[in-house]
Amino acid sequence: MERCLIVEDRRDTLHHRLMIAFLKADLADLLFAAVKKAGFHSGLASEAPAGIAWEYPVDPAFGDLSTTLAFGLAKALRRKPREIAEQIAAIVEIPHDVVDRVEVAGAGYLNFILAKGFWRGVVRQILLAGPAWGKTDIGNGQKVLVEFVSANPTGPLVVVNARAAAVGDAIARLLEAVGFSPYREYYVNDAGNQFRNLALAMEVRCRQLLGEDCPMPEEAYPGDYVIDVAREFLERHGQETLAAPEPERRDRLGRFAVERILAWQQAALEAYGVTFDNWFSERALRGRGDPELAIEALRARGHLYEREGALWFRSTAFGDDKDRVLVKGDGESTYFLPDIAYHQDKLARGFELLIDLWGPDHHGYVARMQAAMQALGHPPDALRILIVQLVRLMRGNEQIRMSKRTGQFVTMDELVAEVGRDAARFIFLTRRCDSPLDFDLEMAKAASDENPVYYVQYAHTRLCSVLREAAKADVATPSPEDNLEPLNLPEEVGLIKQLALYPELVIGAAQALEPHRLTAYLHDLAARFHGYYNRHRIISTDTSLTGARLALVAACRVVIGNALNLLGVSAPERM
RNA sequence: GCGCCCGUAGCUCAGCCCGGAUAGAGCGUUUGCCUGCGGAGCAAAAGGCCGGCAGUUCAAAUCUGCCCGGGCGCGCCA
């Protein structure tokens, strides 16, 4: 059994999961001390060891960890970086149980070559951690509200909503993995114009069903689905509602439709594996008088003024292009006002960080909402808004045209029914969310190498298959106690390094709110494993080698499984 | 006009925050690999003035400025 002093000195298991990060910090301390000892201290840009940046060289010949520290010192000290690097390398105290040696390369790189035992130790830590590998507590339990999808309750969810659902859910999963306490919320616009238009469409459809000659107004929703809802309403409540006075009549029709449509949306999301903690009603918000409270809060801080009969928010004081109207001349509020109240409410509920996923049509609202948060005294980074760009549906090279106005669009249900939820979610997560995405239905359905989802899932399946085969052949099951010394091939060390970086990758993806980093990582890892598998046999007559390789296989399976889980994509044992 | 985003291989995109050693994938193309753990896989090849010009730097796809090309936003709409 090899030992890794630096790591094992720390009892906390969390340190094991972040062994690379802690190793980097420890080595930075040692480098820092060496710099001081050599008298180079004045050349340091940063007074702290944390200022020393590490990178992972792509070429194994350059070691496992590398730093350009000497270049920075060279500049300040007006000396050659190579000389400086050599002096540092000569005096730096390295822990030989972890670091094999330090080399100076190129114009002045300091390359650290780690002891082989260090990398093997990672395999053991992964097997010990299992599902916890990649989980950390840097979020400190902080409550985060992730608001996403929030489509109008006026029709079925469509393809772009499926993208937002995949991204929002993956972000919530990522945050949870690094120790935040995420809460998934869906904002229901069951008030205002959208609601009125839906209610109007309902009334028209009801009357048409009853044989009245009643044209559909321009602003209403012509989609056929409203007919179904109208029919259901008539079946259940008869037609006396239609005789009721206008406000009540519309209200009842509209609420019925919203309820039905929300149920569809919820079912579609659940079939997709996305569950919300809360469906937040705008109607309820307005009913409580929260918009008025928001006005008072802004007024008290001196950010409001009246002009031309309207109430304005001085958002330009916080970097917006122009001031914004909160209450129109006719006494109605703009959409912006309840939205401010909604965000106030989120913070009042104890969420310290708010994440909003908005459609590209709300792009122009980012500045004013950030302005409102600041005007209300919240820190600028308390609200992070992500724009989820549009999806172009393709069938091969042909684009599928969609138009909500004519009711011609592909729903989320149809998409999931055609390609399956794993493929849909994974593909939506292969790009940054603010970049438009071409979604090729043929590709997503292909059970072949064209399809990145299957590529990764197949790696998982293959890993499981090897472990099954080993069990059948009565080889011992992999355990953290296995002797890992036979793992010496470059492919094996490369695989282990990749596995070792996973916890840091998760932290980075969570902090940046970029789940697409995980799909890229998964593809890399799967490719490495497939290559290794094709070149080398796992199960052989050499029992010691077989045991070590099975441990590596088990570790790969853990990481691929954990990562797929963070994306909300299944990790099948057989396909 | 102002603001934001994007220009990286034939196509679709990572990498850019925080500058470093030969710029990465997938698809497509070409050529190989199944009498042993799942070929939904692997290996190899071809394919790039990282939109352009300048600047900062020992070092620029990465930072800065300007230009060109594409998208979006700039309502008392939501």
Side-chain angles (χ1 to χ4, degrees), chain A residues 51 53 55 57-59 61-62 66-68 71-72 74-75 80-81 105-109 111 152 154 189 192-195 197 219 307-312 319-322 324-336 338-339 359-367 387 389-390 394 397 430-432 434-440 443 446-459 461-470 472-473 475 508 511-512 514 516-517 519-521 523-524 526-527 529-540 546 549-550 553 574-575:
Chain A
E55 50 192 271
V58 271
D59 187 339
F62 298 140
S66 177
T67 179
T68 56
F71 292 97
K75 184 172 189 176
K80 289 187 177 155
Y109 294 92
N111 294 338
N152 285 322
T154 51
N189 295 114
N193 276 341
Q194 300 286 336
F195 177 81
N197 291 341
E219 67 272 23
R307 197 178 76 201
E308 294 160 15
L311 183 64
W312 294 72
D320 196 8
D321 307 3
K322 52 185 80 168
R324 307 293 174 176
V325 170
L326 296 182
V327 181
K328 301 186 267 181
D330 64 5
E332 286 257 353
S333 70
T334 58
Y335 171 84
F336 186 32
D339 227 13
D361 49 336
H362 287 66
H363 178 125
Y365 283 72
V366 174
I387 298 296
Q389 274 293 347
L390 296 177
M394 314 287 286
N397 285 327
T430 55
R431 297 277 153 69
R432 0 173 357 112
D434 55 4
S435 162
L437 174 81
D438 285 350
F439 191 112
D440 183 347
M443 186 268 272
S448 76
D449 53 358
E450 297 174 62
N451 193 328
V453 191
Y454 286 128
Y455 185 80
V456 173
Q457 287 186 322
Y458 180 58
T461 303
R462 184 175 250 179
L463 288 156
C464 292
S465 172
V466 172
L467 293 169
R468 272 198 305 271
E469 200 62 31
K472 231 189 290 173
V475 183
Q511 285 173 335
E514 290 184 351
H516 78 273
R517 297 186 188 188
T519 50
Y521 172 83
H523 195 277
D524 268 10
F529 169 67
H530 285 311
Y532 173 57
Y533 175 92
N534 267 288
R535 221 187 313 253
H536 305 286
R537 261 197 87 68
I538 313 288
I539 301 168
S540 66
T546 301
R549 288 186 171 172
L550 283 174
V553 164
R574 299 168 201 271
M575 295 169 70

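Between Lys322(A) and rG75(B), a side-chain N or O to OP1/OP2 separation shorter than 4.0 Å is present. Here His516(A) reaches the OP1 or OP2 of rG15(B): one of its side-chain N or O atoms lies under 4.0 Å away. Contact annotation: Lys328(A) reaches the phosphate of rC77(B) (side-chain N/O to OP1 or OP2, under 4.0 Å).
Among residues two or more places apart in sequence or in another chain, the side-chain hydrogen bond (donor to acceptor under 3.5 Å, both in side chains) test is passed with Asp361(A) by none. With sequence neighbours excluded, the residues that form a salt bridge (charged side-chain N to carboxylate O under 4.0 Å, His left out) with Asp434(A) are Arg432(A). In this structure, the side-chain hydrogen bond (donor to acceptor under 3.5 Å, both in side chains) partners of Thr546(A), at least two apart in sequence or on a different chain, are Ser540(A). The side-chain hydrogen bond (donor to acceptor under 3.5 Å, both in side chains) search around Tyr533(A) returns none, not counting sequence neighbours. Residues passing the salt bridge (charged side-chain N to carboxylate O under 4.0 Å, His left out) test with Arg535(A) are Glu491(A), sequence neighbours excluded. In this structure Ala527(A) satisfies the side-chain contact (heavy atoms from CB on, under 4.5 Å) test together with Tyr455(A), sequence neighbours excluded. Every residue two or more places apart in sequence or in another chain that forms a salt bridge (charged side-chain N to carboxylate O under 4.0 Å, His left out) with Arg324(A) is listed here: Asp320(A). For Thr67(A), there are no side-chain hydrogen bond (donor to acceptor under 3.5 Å, both in side chains) partners, not counting sequence neighbours. Not counting sequence neighbours, the partners of Tyr458(A) by the ring-ring contact (aromatic ring centres under 6.0 Å, His included) test are His530(A).
Distance, His530(A) NE2 to rG26(B) P: 11 Å, rounded to whole Å. As rounded to whole Å, 12 Å separates atom C1' of rC77(B) from atom CG of Asp330(A). Residue Ile387(A) contributes atom CD1, which lies 10 Å from atom C1' of rC4(B) at whole-angstrom precision. When rounded to the nearest whole Å, the span between CZ of Phe529(A) and C1' of rG41(B) equals 10 Å. One interatomic measurement links the two molecules: CG of Asp339(A) to P of rC76(B), which rounds to 16 Å at whole-angstrom precision.
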So which protein N/O to nucleotides 29-37 of chain B N/O distances come out below 3.5 Å?
from, atom 1, to, atom 2, distance (Å)
rC37(B), O4', Arg537(A), NH2, 3.2
rC37(B), O2, Ile539(A), N, 3.1
rC37(B), N3, Ile538(A), N, 2.9
rC37(B), N4, Tyr533(A), O, 2.8
rC37(B), N4, His536(A), O, 2.7

Shorter than 3.5 Å, N or O on both sides, protein versus nucleotides 5-12 of chain B: list them out with atom names.
from, atom 1, to, atom 2, distance (Å)
rU12(B), O2', Arg431(A), NH1, 3.3
rU12(B), O2', Arg431(A), NH2, 2.9

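Taking atom C1' on both nucleotides, rU22(B) is separated from rA61(B) by 15 Å, rounded to a whole Å. Taking atom P in both rU57(B) and rU62(B), one finds a spacing of 16 Å when rounded to whole Å. Between rC27(B) and rC67(B), the distance separating the two P atoms is 41 Å to the nearest Å. Taking atom C1' on both nucleotides, rC34(B) is separated from rC18(B) by 47 Å, rounded to a whole Å.
Taking the 5.5 Å centre cut-off and the 30° plane limit, the aromatic side chain of Tyr458(A) is not classed as stacked on rG41(B).
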Parsed dot-bracket for RNA chain B after applying the Watson-Crick and G-U rules with both distances under 3.5 Å and | for other-strand partners is (((((((..((((......[...)))).(((((.......))))).....(((((..]....))))))))))))....

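With distances taken from any side-chain atom of His523(A) to the nucleotides rG26(B), rA40(B), rA14(B), the minimum falls on rG26(B).
In this structure, Leu550(A) and Val466(A) have side chains that are in contact, with non-hydrogen atoms separated by less than 4.5 Å.
Within 4.0 Å of Ala310(A), counting heavy atoms only, lies at least one base atom of the nucleic acid. At a threshold of 4.0 angstrom between heavy atoms, the contacts of Lys80(A) with the nucleic acid are absent. At a threshold of 4.0 angstrom between heavy atoms, the contacts of Thr68(A) include nucleobase atoms, whether or not backbone atoms are also involved.
Residue Lys328(A) places its NZ atom among more than 12 non-hydrogen atoms of other residues, nucleotides or ligands, all under 6.0 Å distant.
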